[in-house]
> 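If you scroll down you'll find the structure; I have some questions about it.
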Protein chains: 2
Amino acid sequence: MAAPARKKPVKRRRSPIQSRGQVTVDAIVEAAAQILAKKGPAAATTNAVAARAGVSIGTLYQYFADREALLREIGRRHVAEMQAVLAGALTGMEGLALPAAVDRLVSAIVAMHRVAPRLHQALHQSLARDHLDTIDAFEVAVEAMVASALVGRGDDLDLPHPELTATVLVRGLGGLIRTTLRREPERLDDPALALAMRAMILGTLGESRRKG
Amino acid sequence: MAAPARKKPVKRRRSPIQSRGQVTVDAIVEAAAQILAKKGPAAATTNAVAARAGVSIGTLYQYFADREALLREIGRRHVAEMQAVLAGALTGMEGLALPAAVDRLVSAIVAMHRVAPRLHQALHQSLARDHLDTIDAFEVAVEAMVASALVGRGDDLDLPHPELTATVLVRGLGGLIRTTLRREPERLDDPALALAMRAMILGTLGESRRKG
DNA sequence: GGAGAAGATGAGTCTTTGCTCAGATCCTCG
DNA sequence: CGAGGATCTGAGCAAAGACTCATCTTCTCC
């Protein structure tokens with residue numbers, strides 16, 4: 001009623017037109033990702049990011065409306081990278097027998113998490129209730145992907161609830177990998193762990209089928 | 001060389017001696033846990049906590065050296081509570097057949113996470129690289145517990161690497177539950193999910209054994 | 001009752017951080 | 001070359017939050 005307070009008086013974000021603008025944006029995102037990965041969310045202040053990127057804070061705010069927007073962009077890029085790695089590791093799986101396919105899947109998921117483990121963790125921490133959307137959407141997509149892959153080989157599997165099984169597998173494996181990454185990062189290279197994951201997947205599939 | 005800078009000039013924390021002191025401490029911890037659970041780590045400022053607890057900030061700092069110490073205390077209490085719930089839900093499992101024992105384990109783990117889901121999540125977020133020690137120690141203990149339980153029924157199981165299997169199961173289930181809690185909290189009550197978890201555990205155990 | 005310890009207060013200090021703005025500098029293109 | 005837009009600068013503002021301290025109140029116990 002009183003004064004019509006302007007909510008968003010200016011649209012701050014500028015899309016780079018000249019190439020040097022793009023270079024600057026990349027430098028900022030890169031710097032932020034590095035700090036995030038190396039020192040955690042708390043250290044990733046806008047000033048620190050700008051300093052590391054070698055630009056002034058003013059420049060940073062020319063391209064990002066606020067700190068959140070910057071984090072969101074990092075999340076977007078990270079997810080895209082993971083997606084690419086996953087897709088690459090999963091090509092040409094159609095012809096494989098189940099155990100071989102599972103091996104392939106395990107190494108794909110591990111590889112995907114190895115892209116930028118510290119950053120992945122930092123994002124999961126800092127993206128409080130907001131940018132997790134991006135990551136969540138990706139995880140949902142992965143679950144759907146796995147579910148359809150399970151349905152795809154219907155003959156030898158015949159699961160009563162492929163989606164449910166996919167959900168359990170994807171979330172379980174993801175959690176396992178994230179916990180391991182945080183507590184014993186070096187262990188991700190342990191072949192025994194990969195075998196154990198394989199056993200978990202195959203066992204879960206077998207046991208789930210029997211229930212049909 | 002120059003001035004011998006005093007590092008920790010005062011030990012600020014006072015242990016409550018009179019009963020009203022204990023009451024105050026409890027109120028503070030309780031208030032902090034509530035804010036943490038309801039609004040996340042960022043909202044849990046020392047001033048907000050003191051206000052909610054109905055005491056002045058000065059009082060808060062009489063009992064806690066700093067914000068970290070307060071968070072650490074909350075972590076300690078939360079872990080203790082989870083431990084109690086888990087222990088309670090696991091008593092008298094010795095005589096049970098494997099499937100029944102697994103059912104029991106599943107509901108115990110779910111119950112344990114249901115103690116204070118939002119707080120659990122907030123702690124996992126805020127306890128950056130510090131108080132996670134407390135939670136980590138607990139999780140390690142759970143892994144050891146499960147491992148020994150697996151060894152305990154050696155006859156019908158005979159796993160080649162009980163610790164590894166326990167690790168995979170505990171971390172996998174924990175991750176699955178945490179993810180579900182964050183994205184679809186209501187689903188934790190879904191019996192189908194419990195069944196799927198059961199299948200995962202039984203399947204993993206069976207498949208792991210076969211490898212021996 | 002009253003001395004002294006335990007407990008509580010909260011205004012205020014100090015620091016940090018997100019973010020703005022009034023310009024300076026660089027590029028493109030006619 | 002030079003006009004005008006794109007880009008960049010960085011001192012500094014305002015807000016927020018952790019924490020202190022001088023002082024007051026309440027309790028214990030002889």
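Below, chain A is the first sequence line, B the second, and so on; all start at residue 1. Just so you know, these numbers use all the heavy atoms, side chains as well, and skip hydrogens, waters and symmetry mates.
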> Rounding to a whole Å, what distance do you find between A:Asp66:CG and C:dT17:P?
17 Å
> How close do B:Ser208 and A:Ala199 get, heavy atom to heavy atom, and via which atoms?
OG-CB, 3.9 Å
> Would you kindly give the CZ-to-C1' distance between A:Phe64 and C:dT20, to the nearest whole Å?
18 Å
> So which protein nitrogen or oxygen atoms get under 3.5 Å of nucleotides 3-8 of chain C's nitrogens or oxygens?
residue : atom : partner : partner atom : Å
C:dA6   : O4'  : B:Gln18 : NE2          : 3.4
C:dG7   : OP1  : B:Ile17 : N            : 2.8
C:dG7   : OP1  : B:Gln18 : N            : 2.8
C:dG7   : O4'  : B:Arg20 : NH2          : 3.2
C:dG7   : N7   : B:Arg14 : NH1          : 3.2
C:dA8   : OP1  : B:Thr24 : OG1          : 2.4
C:dA8   : OP2  : B:Tyr63 : OH           : 3.0
C:dA8   : N7   : B:Gln62 : OE1          : 2.9

> Mind calculating the distance between CZ (B:Arg67) and P (D:dT20) to the nearest angstrom?
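About 15 Å, once rounded to whole Å.
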> Could you list the donor-acceptor pairs under 3.5 angstrom formed between side-chain atoms of residues 163-175 of chain B and any protein atom two or more places apart in sequence or on another chain?
residue  : atom : partner  : partner atom : Å
B:Thr165 : OG1  : B:His161 : O            : 3.1
B:Thr167 : OG1  : B:Glu143 : OE1          : 3.3
B:Thr167 : OG1  : B:Glu163 : O            : 3.0
B:Arg171 : NE   : B:Glu143 : OE2          : 2.8
B:Arg171 : NH1  : A:Thr180 : OG1          : 3.0
B:Arg171 : NH1  : A:Glu184 : OE1          : 3.0
B:Arg171 : NH2  : A:Glu184 : OE1          : 2.7

> How close or far is atom P of C:dG10 from atom OH of B:Tyr61, stated in whole angstroms?
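Roughly 16 Å, once rounded to whole Å.
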> Heavy-atom nearest nucleotide on DNA chain C for B:Ile57 versus A:Gly58: which residue maps closer to 5'?
B:Ile57
> Could you tell me the separation between the CG atom of B:Asn47 and the P atom of D:dA15, rounded to a whole number of Å?
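B:Asn47 atom CG is separated from D:dA15 atom P by 17 Å.
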> Rounded to whole angstrom units, what separation is found between the CD1 atom of B:Ile35 and the P atom of D:dG17?
11 Å
> How about A:Arg52 and A:Gln34: does a side-chain donor come under 3.5 Å of a side-chain acceptor?
yes
> D:dG17 C1' sits how many Å from B:Glu68 CD, rounded?
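It is 14 Å, rounded to the nearest whole Å.
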> Has A:Arg67 got a side-chain atom pairing as donor or acceptor with A:Ala44's backbone, closer than 3.5 angstrom?
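Yes, A:Arg67 side chain to A:Ala44 backbone: donor-acceptor pair under 3.5 Å.
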> Would you mind reporting whether A:His120 and A:His113 have side-chain heavy atoms less than 4.5 Å apart?
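A side-chain contact exists here, since the closest heavy-atom pair is under 4.5 Å.
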> Any salt bridge linking B:Arg77 with B:Glu73? Criterion: basic side-chain nitrogen under 4.0 Å from a carboxylate oxygen.
yes
